[in-house]
Amino acid sequence: MKKRNTVQLLGIMSILILISVQVFIIRGIWKQKDEMFALRYTTWSQEAFNYIRRGMSTDGFDTVRLLLANYSEKANKELHAIKDEKELAVKKKDILDYFTKVVNQEQDLSGLLSSYFEMRGFEKNFKYTIVINNLEMISNDTIVVYQSEDFSKRPPPDRGGRTGPSEISKSKIFVTWRWMEDNNYRFFIDYYIDFSDKQKVILKETAASLAMSTLSILVVVIIFMITYKNLMEEKRLSNLKTDFINNMTHELKTPLSTITVAGKTLEMVQIRNNDAKILETAKLIGKQSIHLNQLINMILEISMWERTQFQLDKKTVEIEEIMNDVVDSFRSGGGNGASINQKYNFGGAKVDLDIVYFTMLINNLLSNAVKYSDKDPVIDIEGFAKDNNICIKVSDNGIGINKIDQKHVFDKFYRATTGNIHKFKGLGLGLYYVKKIAEAHGGDVTVSSKPGKGSIFTITLPY
Ligand code: ADP
């Protein structure tokens, strides 16, 4: 159990590490593609911007300049006349709002850029943002209406100029900046574009790597699961084998020790003169030898079945007759006080059967019904012929089998409670035989059961 948990834990951990590494790689690729996308569009928009300036001798802000010139003279005078701080703040906000509205609504740059992108066959649908970084109203003195934090850190355009904001925003692509002024105002703006389809484009570009990593993770997970399953199956089989050897040793030891004790008894002087005792002991030795022989034959037969296909000696027989014979001989062989109800009616159906193996099949079911019983065993045998099939149901009132064990009871060496602690003796081979025999006849066997309520074994055979 401990080993199993360690293997499971190690496997899950390595898969998690693998997934994390893949996620890390994919994120790296995504980031790279994202940066390349931004770089591409920065270059293209720069190209576009130069083209527009050269070809049309405009920067796209002509209308803006006109509107601001009309507005700013009056606004500037009003601003300079205000003394009250509160009023001043309100006026500053009005002026900034107007400037922001005009630069965002009245510029032609976005339309011109979009047409240029379309002409070159690039993605042309973008959103634009214009950010005012600094706005001053000029008269005899200058009133700063607004200044962004970022702006104060940048070098002024007249000293070395600038090519973009200090920190490029994640989704926005910086295109250009403008410094505009006339007699009444001076202001500074940044122009950005933002592609709503950017994620889709990047997804398309990374799809191949994404699919490959998902596939590789999937393959590793599948390989791990198969290996783990095989490992567990091997472990289960090895446990079953150990249990089988323990049980078999126990089964073989019982008759052997009886024979040894009987041999010793025969050596005793008192016994040698007592004919009746000698006969009794000899019978005991004979009986135990037969039992021992049966056990050894069973084991030999199993190994033979493993190597070669079943050799059936089939004869066409009336199934009802055979069933009666098998049940009668089971009763006369003791039947351990079981009450057996024969409720079958096969309507004279004739079936091709190997009588020896079929007898063994029914005998195994009957002896299990008696063996796995905690009260007086009552066995019902039902049977009928239907649609080219013979159906035989053997029901008991025994201890029953739980759902998990039901799946395995027909496996070789499987016992519902494993190991020597099993209070019912056995080798875990009886039902394995039943299944093999039924299948060799072209049929099958199934079980349905409820713990504490009894079990029903159903045999179907073609006829
Ligand atoms: P064995 O009886 O030697 O253990 P079998 O192959 O005959 O081996 O049965 C496999 C297991 O199925 C048994 O160990 C037992 O737990 C369970 N089993 C079989 N028949 C019955 C039954 N009629 N009622 C309850 N349990 C059964």
Side-chain angles (χ1 to χ4, degrees), residues 236-237 239-255 291-292 294-303 305-306 310 326-327 330-331 333-342 357-383 392-440 444-459:
R236 195 179 73 87
L237 283 177
N239 284 345
L240 284 180
K241 253 186 199 156
T242 317
D243 285 350
F244 170 72
I245 290 169
N246 288 341
N247 290 327
M248 192 181 64
T249 318
H250 182 78
E251 290 280 306
L252 291 174
K253 256 187 177 167
T254 317
H291 184 47
L292 207 58
Q294 275 172 346
L295 281 174
I296 291 166
N297 276 348
M298 195 160 99
I299 296 159
L300 285 179
E301 237 173 286
I302 285 266
S303 64
W305 282 6
E306 290 297 296
F310 250 69
V326 179
V327 176
F330 184 77
R331 269 207 198 94
N336 281 8
S339 110
I340 304 174
N341 305 311
Q342 289 149 280
Y357 282 124
F358 182 74
T359 308
M360 188 193 257
L361 182 157
I362 300 295
N363 259 328
N364 282 351
L365 290 182
L366 294 179
S367 36
N368 275 351
V370 174
K371 186 158 78 168
Y372 297 105
S373 175
D374 48 2
K375 41 188 157 314
D376 289 342
V378 177
I379 307 170
D380 289 334
I381 308 174
E382 290 168 69
I392 302 164
K393 279 177 193 263
V394 179
S395 324
D396 63 53
N397 61 341
I399 57 171
I401 307 166
N402 68 40
K403 273 262 170 300
I404 300 168
D405 287 328
Q406 281 177 37
K407 283 190 206 147
H408 299 289
V409 284
F410 298 108
D411 293 354
K412 193 163 72 168
F413 305 140
Y414 191 87
R415 309 208 67 217
T417 314
T418 53
N420 289 325
I421 51 162
H422 208 302
K423 73 173 182 177
F424 306 97
K425 279 199 235 159
L427 298 175
L429 292 172
L431 290 182
Y432 171 70
Y433 269 129
V434 169
K435 180 112 181 151
K436 279 252 175 187
I437 295 168
E439 283 175 353
D444 201 8
V445 56
T446 54
V447 62
S448 72
S449 178
K450 257 196 185 148
K453 294 264 182 308
S455 315
I456 306 170
F457 288 87
T458 309
I459 308 281

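Both ligands and their constituent atoms are indexed starting at 1 by order of listing. Positions are given from 1, in the same order as the sequence printed here.
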- prompt: Counting only heavy atoms not in Lys435, do more than 12 sit closer than 6.0 Å to its NZ atom?
  reply: yes

query: For ligand 1, is there an N or O atom under 3.5 Å from any N or O atom of Arg415?
result: yes

- prompt: Under 4.0 Å from ligand 1, counting heavy atoms only, is it the side chain of Ala416, its backbone, both or neither?
  reply: both

- prompt: Counting from 1, what ligand 1 atoms have a heavy atom of Ser455 closer than 4.0 Å?
  reply: 24 (N), 25 (C)

query: If you round to the nearest 0.5 Å, how far is CG of Asn397 from OG of Ser455?
result: 9.5 Å

field: Short N or O distance, Ile401 and ligand 1, threshold 3.5 Å exclusive
entry: no

statement: One finds that the ligand 1 atoms under 4.0 Å from a non-hydrogen atom of Tyr414 are 10 (C), 11 (C)

query: Quick one: does ligand 1 sit under 4.0 Å from the side chain of Asn364, the backbone, both or neither, non-hydrogen atoms only?
result: neither

query: Non-hydrogen atoms of Gly398 versus ligand 1: any pair closer than 4.0 Å?
result: no

message: Does any part of the side chain of Lys403, heavy atoms only, come nearer than 4.5 Å to the side chain of Gln406, both counted from C-beta?
response: yes

- request: Carefully, step by step, assess Lys412 and Leu429 under the rule side-chain contact (heavy atoms from CB on, under 4.5 Å).
  value: CA-CA 6 Å; Lys412 193 163 72 168; Leu429 292 172; 3.8 Å; yes

query: Is there a donor-acceptor contact under 3.5 Å from the side chain of Asp380 to the main chain of Ser395?
result: no

task: Within a distance under 4.0 Å of any heavy atom of Gly428, pick out the atoms of ligand 1 and give their elements.
output: 1 (P), 3 (O), 4 (O), 6 (O), 8 (O)

message: Phe413: which residues meet the ring pair (Phe, Tyr, Trp, His ring centres under 6.0 Å) condition with it, sequence neighbours left out?
response: Phe244

task: Would you check the N or O atoms of Phe457, main chain and side chain alike, for any that come under 3.5 Å of an N or O of ligand 1?
output: no

Intermediate values then yes/no, side-chain contact (heavy atoms from CB on, under 4.5 Å), Asn368 and Lys371: CA-CA 5 Å; Asn368 275 351; Lys371 186 158 78 168; 3.8 Å; yes

- line: Per-atom filter on ligand 1: closer than 4.0 angstrom to a heavy atom of Leu429 are 6 (O), 8 (O)

- prompt: Would one find an N or O of Ile399, backbone or side chain, under 3.5 Å from an N or O of ligand 1?
  reply: no

- request: Rounded to the nearest 0.5 Å, what's the gap from CG on Asn364 to OH on Tyr433? Could you check?
  value: 8.5 Å

